[in-house]
2 protein chains.
Amino acid sequence: MTSTEPGLRPTKQRLAVAAAMSSFEDFRSAQDIHELLAHRGDPVGLATVYRTLQRMVDAGEVDLLRTEDGEAIYRRCSDTHHHHLVCRDCGATVEVEGPAVERWTRAIAGEHGYGDVSHTLEIFGTCPSCR
Amino acid sequence: MTSTEPGLRPTKQRLAVAAAMSSFEDFRSAQDIHELLAHRGDPVGLATVYRTLQRMVDAGEVDLLRTEDGEAIYRRCSDTHHHHLVCRDCGATVEVEGPAVERWTRAIAGEHGYGDVSHTLEIFGTCPSCR
DNA sequence: ACAGAGTTGACAACCGTTCTCAACTAGCCT
DNA sequence: AGGCTAGTTGAGAACGGTTGTCAACTCTGT
Ligand SMILES: [Zn+2]
Ligand SMILES: [Zn+2]
Ligand SMILES: [Zn+2]
Ligand SMILES: [Zn+2]
């Protein structure tokens with residue numbers, strides 16, 4: 001837990017979740033992480049897992065994206081703005097950057113008079129080892 | 001209902017949903033559409049609304065995207081590949097195209113050995129009349 | 001040790017979506 | 001027209017991910 005706000009305690013549970021998030025590279029659901037912690041011998045209540053992940057997402061320590069059916073999946077990510085190239089089969093994820101895309105989205109929005117612009121961009125494919 | 005498959009009937013309900021989808025420009029949830037139909041005097045069961053929307057999404061007649069909290073929202077769209085510039089406040093939506101982005105995503109995926117590439121890209125902002 | 005704010009977790013509640021299945025149609029054959 | 005059949009509908013139940021509840025617990029400072 002990097003983010004230290006006033007009155008935010010580094011409890012066993014929060015540290016366990018943070019550790020778990022550092023132990024894999026792909027995107028996983030809250031329930032997966034909850035199970036992983038249980039198997040690992042650091043059981044953490046499901047509600048706490050959700051709460052902690054939320055906090056980490058807000059702090060920018062973790063990226064959240066949605067599967068095709070709307071389920072939230074989480075991954076520890078670098079703190080700079082980036083996007084993901086995700087394997088549709090095994091979940092293997094690569095962080096990618098595209099300055100041109102950043103420029104383009106801002107330009108398009110400007111052309112239509114939209115301000116305060118943000119965007120989401122994810123690329124899906126089949127990774128080399130899943131072909 | 002444009003898509004005519006073998007044994008697919010243009011029922012009152014399906015036509016009503018199709019008509020409803022042509023009556024607005026922004027993205028709406030299935031429940032919104034269900035209510036809209038009721039108010040309009042063409043009540044259609046919620047399950048049927050979901051089923052019909054699914055079918056239209058599969059047929060490419062309707063675009064589906066997810067709100068921040070994972071809810072599915074639907075909009076009648078042109079059948080060519082495109083993305084959306086959506087007003088965060090009122091939902092006003094503009095379809096946009098970006099050949100450069102299309103090229104870029106394919107290139108990035110290729111560089112990492114990913115094949116069978118697809119992507120999602122949505123731009124959010126505040127439209128002129130909501131500023 | 002004590003107080004008080006922060007945290008936890010079992011469980012219930014929520015809510016969007018999907019399933020079930022008996023009743024109902026639209027379309028087709030005679 | 002009458003009947004046959006595959007397709008469709010909708011009320012309600014079920015499902016599954018997520019959030020809320022709240023009494024018990026745990027830090028941390030005094
Ligand atoms: Zn893979
Ligand atoms: Zn970006
Ligand atoms: Zn607007
Ligand atoms: Zn595209």
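Naming: A, B, ... by sequence-line order, numbering from 1 per chain. Only this structure's heavy atoms are used, side chains among them; waters, hydrogens and symmetry mates stay out.
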Taking atom [atom2] of [N] as reference, at what distance in whole Å does atom [atom1] of [X] sit?
X	N	atom1	atom2	value
B:D69	C:dC14	CG	P	17 Å
A:L15	D:dT26	CG	C1'	14 Å
B:L8	D:dT9	CG	C1'	14 Å
A:E71	C:dT17	CD	P	14 Å
B:L46	D:dG12	CG	P	13 Å
A:I73	D:dT18	CD1	C1'	16 Å
B:K12	D:dG10	NZ	C1'	14 Å
B:R55	C:dT17	CZ	C1'	17 Å

With respect to the phosphate group of [N], does any side-chain polar atom (N or O) of [X] fall under 4.0 Å of OP1 or OP2?
X	N	answer
B:Y50	C:dT17	yes
B:Q13	C:dT25	no
A:T11	D:dT26	no
B:Q54	C:dT17	no

### Message
Is the positively charged end of B:R76 above the ring of B:Y74, judged by distance under 6.0 angstrom from the centroid and angle within 45° of the axis?
### Response
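No, a cation-pi geometry is absent between B:R76 and B:Y74.
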
### Query
Is there a side-chain contact between B:Y50 and B:Q31, using heavy atoms and a 4.5 Å cut-off?
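Side-chain contact under 4.5 Å: yes.
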
Taking [Y]'s backbone N and O only, do any of them form a donor-acceptor pair with [X]'s side chain (distance below 3.5 Å, no angle check)?
X	Y	result
B:R28	B:D32	no
B:R75	B:M21	no
B:E122	B:H84	yes

### Query
Is there a donor and acceptor pair, one atom on the side chain of A:R51 and one on the base of D:dG20, closer than 3.5 Å?
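No pair found.
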
### Task
Ignoring hydrogens and angles, answer whether the base of D:dT26 and the side-chain atoms of A:R9 contain a donor-acceptor pair closer than 3.5 Å.
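Indeed there is one.
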
### Query
Of A:P43 and B:S29, whose closest DNA chain C nucleotide lies nearer the 5' terminus?
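The 5'-side residue here is A:P43.
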
### Message
Can you identify which nucleotide, out of C:dT17, D:dG10, C:dT8, has its nearest atom closest to the B:Q31 side chain?
### Response
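Nearest listed nucleotide: C:dT17.
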
